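The analysis underlying the following values was restricted to heavy atoms, covering all of them including side chains, and did not include hydrogens, waters or symmetry mates. Residues take their numbers from the sequence shown, with the count starting at 1. Bear in mind that the values here come from a model prediction, so they are computed numbers and not experimental data.
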Amino acid sequence: MIQWHWISSAICLVGMLLFTITGITLNHPTEITVEPEVTTLSAELPAKILASVSDISPEGNAPLPAELARWLTTQFGRRVGSRPAEWTEDEIYLSLQGPGSDAWLAIDRVTGDVEFEQTNRGWVAYFNDLHKGRNTGVAWKWFIDIFAIATLVFCITGLFLLYFHARHRRMTWPLVTLGLIIPLLLAMLLVH
């Protein structure tokens, strides 16, 4: 039990610090304000890429051609990857949301004009979005789930260790009970 407890606590340590600090920042959004930084850029597609985009006729959602994605990434410094874009006869629209930021780009399929806008809300928003798993991708969602399981193991083994050592520590169960009653009373009486 002790081995499971210390291994799970070692795995969870940095994550628990991150989630604890961001829990505080999420709980005080009006006290921690950052002026969003908005960047707007424009460009024009090279003739070769414009011709290849004009020849494609998807309606609805489809990823951008690799050559176009590479050009956009180089041009705007924001990795485009293989996310699905919204294709219409006249325009391609791509949402590029990420933790702590929102971005989009629109490509006029007739003229080749490209508009890009990015809103960066700073480091606090970045870490808050990691906490919530907002716009973080599949790998981070898996990390959160595995971290939650490791934290659960840490807590359950801690409870068993409390049980094993309780006879030598008289205040164990009154403190555990207090840890249960305080949030329960606050939720029942003061949360509305």
Side-chain angles (χ1 to χ4, degrees), residues 11-30 32-151:
I11 291 170
C12 296
L13 178 64
V14 174
M16 287 177 79
L17 289 170
L18 171 71
F19 280 86
T20 301
I21 293 166
T22 54
I24 293 168
T25 60
L26 282 166
N27 202 34
H28 297 276
T30 56
I32 304 170
T33 58
V34 174
E35 190 66 34
E37 179 184 308
V38 179
T39 305
T40 305
L41 302 170
S42 60
E44 192 171 317
L45 286 178
K48 179 183 172 189
I49 296 176
L50 177 59
S52 69
V53 168
S54 299
D55 292 342
I56 300 172
S57 60
E59 289 287 327
N61 293 342
L64 299 175
E67 184 181 20
L68 174 59
R70 281 191 299 274
W71 184 85
L72 291 168
T73 298
T74 302
Q75 190 69 28
F76 298 115
R78 179 76 185 248
R79 191 164 111 39
V80 173
S82 59
R83 321 168 185 233
E86 297 173 31
W87 292 69
T88 64
E89 190 175 313
D90 300 324
E91 183 181 65
I92 304 169
Y93 176 83
L94 182 63
S95 176
L96 297 166
Q97 296 178 329
S101 69
D102 292 305
W104 58 267
L105 62 85
I107 303 168
D108 186 313
R109 294 179 69 186
V110 177
T111 65
D113 292 335
V114 182
E115 292 180 58
F116 172 80
E117 183 176 289
Q118 178 172 325
T119 304
N120 188 335
R121 292 182 305 280
W123 284 102
V124 172
Y126 176 83
F127 284 108
N128 285 349
D129 283 351
L130 289 181
H131 181 111
K132 297 183 283 187
R134 180 180 177 265
N135 301 319
T136 55
V138 176
W140 187 257
K141 288 186 187 305
W142 273 101
F143 167 76
I144 290 174
D145 289 344
I146 293 167
F147 168 74
I149 292 167
T151 304

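Donor-acceptor pairing under 3.5 Å is recorded for the side chains of Asn128 and Thr25. At a cut-off of 3.5 Å, with distance as the only test, a side-chain donor of Asp113 or Thr111 sits close to an acceptor on the other residue.
We find that Arg121 and Glu37 are not joined by a salt bridge, their nearest charged nitrogen and carboxylate oxygen being 4.0 Å or further apart.
Remark: Glu115 CD is loosely packed, at most 12 non-hydrogen atoms of other residues, nucleotides or ligands lying under 6.0 Å away. For CZ of Arg79, the number of neighbouring non-hydrogen atoms (other residues, nucleotides, ligands) closer than 6.0 Å is 12 at most.
Applying side chain to side chain contact (heavy atoms under 4.5 Å, CB included) to Val124 and the options Thr33, Asp129, Leu26, Ile32 leaves one that passes, Ile32.
When all heavy atoms of Pro84 and Leu94 are compared, the pair lying nearest together is O-CD1, 3.5 Å.
Classified by interplanar angle (parallel below 30°, tilted 30° to 60°, perpendicular above 60°), the ring pair His131/Phe19 is tilted. Using a 30° and 60° split on the angle between ring planes, Trp123 and Tyr126 fall in the perpendicular class, above 60°.
Here Arg70 contributes atom CZ and Leu64 contributes atom CG; the two are 12.0 Å apart, rounded to the nearest 0.5 Å.
Tyr93 is not listed as a side-chain neighbour of Leu105, based on a closest heavy-atom distance of 4.5 Å or more. Between Ile107 and Glu91, every side-chain heavy-atom pair lies at or beyond the 4.5 Å cut-off. By the 4.5 Å heavy-atom criterion applied to side chains, Glu117 and Thr39 are not counted as neighbours. Considering only heavy atoms from C-beta on, Thr40 stays 4.5 Å or farther from Phe116 through its side chain.
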